Amino acid sequence: LHDNNNDKALDAMTEATRQMPGHAGTEVALGWSRVIVGDGAGAEATFRKAIEMDRNFAESHGGLAVALIMQNRTEEAQKMLKAADRLDPANFGSVYGKALLLRMDGRSELAQGLINRALERAPVTGVNPLLENVRKYYLARTGKPWQ
């Protein structure tokens, strides 16, 4: 996906889900891959499958909200955001979905602040914040530090 080789990336993620049937996290990764390539309907189906596998995984609900927003189904998306937040208020899918809704409402600055705060948090205790991983990736890809 990072190299814009989307077909190959989707094939690899699909194969990963085939190799690990019933693993909601792998299904969620495939869902996000579909979000990245702009396949809202495919992402929706994938996130729904992940929810069937594990109803308590917040990222599945947050990702589904994003897929619904991509399809302009904001009312349904709001319900999924609430479900995701009840499971884990810090889940990134929900944060991203809320930022998308804010942008759609013309509040881009507020949306960017929401994303920035999410990137500055560590996903779990003892792990680098997400932004640190972005910086490392950018440096490895470009040879230049993230500004």
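All figures in this text were calculated on a predicted structure; none of them were measured in a lab.
Taken from CE in M13 to CG in D11, the straight-line distance is 11.5 Å, to the nearest 0.5 Å. Going from atom OH of Y96 over to atom CG of N91 covers 14.0 Å, rounded to the nearest 0.5 Å. The CG atom of L81 sits 9.5 Å away from atom CG of L100, with the distance rounded to the nearest 0.5 Å. Atoms OG and NZ, from S94 and K82 in turn, are 11.5 Å apart once rounded to the nearest 0.5 Å. Here I36 contributes atom CD1 and N4 contributes atom CG; the two are 10.0 Å apart, rounded to the nearest 0.5 Å.
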Practice task
Show the numbers, then the answer: is there a side-chain contact (heavy atoms from CB on, under 4.5 Å) between L119 and I115?
Solution key: CA-CA 6 Å; L119 290 173; I115 293 292; 3.9 Å; yes

Practice task
Check the pair Q78, L101 against side-chain contact (heavy atoms from CB on, under 4.5 Å), reporting the backbone distance first and the verdict last.
Solution key: CA-CA 9 Å; Q78 292 281 8; L101 290 173; 3.4 Å; yes

Practice task
Step by step, work out the side-chain contact (heavy atoms from CB on, under 4.5 Å) result for L68 and E44.
Solution key: CA-CA 7 Å; L68 293 168; E44 176 186 356; 3.9 Å; yes

Handout entry: Candidate pair R34 and T14, rule side-chain contact (heavy atoms from CB on, under 4.5 Å), full reasoning
Key = CA-CA 10 Å; R34 290 190 167 138; T14 301; 4.1 Å; yes

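Clustering ILVMFWY residues whenever any of their side-chain heavy atoms sit less than 4.5 angstrom apart, transitively, puts M53 in a cluster other than the one holding L64. A continuous path of Ile, Leu, Val, Met, Phe, Trp and Tyr side chains, each step under 4.5 Å between heavy atoms, connects L130 with Y138, placing both in one hydrophobic cluster. Tracing side-chain contacts under 4.5 Å through hydrophobic residues (I, L, V, M, F, W, Y), one never reaches V37 starting from W32; they form parts of separate clusters.
At a threshold of 4.5 Å between non-hydrogen side-chain atoms, the residues F57 and I51 do not count as touching. For the pair L110/D105, no side-chain contact is recorded, criterion being any heavy-atom separation below 4.5 Å from C-beta on. Residues L30 and L10 have side chains in contact (heavy-atom distance under 4.5 Å, counting atoms from C-beta outward). Looking at heavy atoms from C-beta onward, K136 lies in side-chain contact with N128 at the 4.5 angstrom threshold. The shortest distance between side-chain heavy atoms of L87 and E59 does not fall below 4.5 Å. Side chains of K144 and L139 form no contact here, defined as non-hydrogen atoms less than 4.5 Å apart. Between D3 and R141 there is a side-chain heavy-atom pair separated by less than 4.5 Å.
The pair R48-E76 counts as a salt bridge, with a side-chain nitrogen and a carboxylate oxygen less than 4.0 angstrom apart. Ion pair K98/D85 flagged as a salt bridge, since at least one NZ, NE, NH1 or NH2 atom sits closer than 4.0 Å to an Asp/Glu carboxylate oxygen. Ion pairing of D54 with K49 is absent here, as no side-chain N (NZ or NE/NH1/NH2) approaches a carboxylate O to less than 4.0 Å. Between R117 and E120 no salt bridge is recorded (no basic side-chain N to carboxylate O distance below 4.0 Å).
Around the CD atom of E109, the shell of radius 6.0 Å holds no more than 12 heavy atoms that belong to other residues, nucleotides or ligands. By the 6.0 Å contact criterion, CZ on F92 is enclosed, its count of non-hydrogen atoms from other residues, nucleotides or ligands being greater than 12.
Aromatic ring centroids of Y137 and W146 lie 6.0 Å or more apart.
Side-chain atoms of R121 come within 3.5 Å of backbone atoms of A90 as a donor-acceptor pair (strictly under, hydrogens ignored). In terms of modelled atom types and a separation under 3.5 Å, the side chain of Q71 and the main chain of A67 share a donor-acceptor contact. The main-chain N or O of R55 is found under 3.5 Å from a side-chain atom of H61 such that the two form a donor-acceptor pair.
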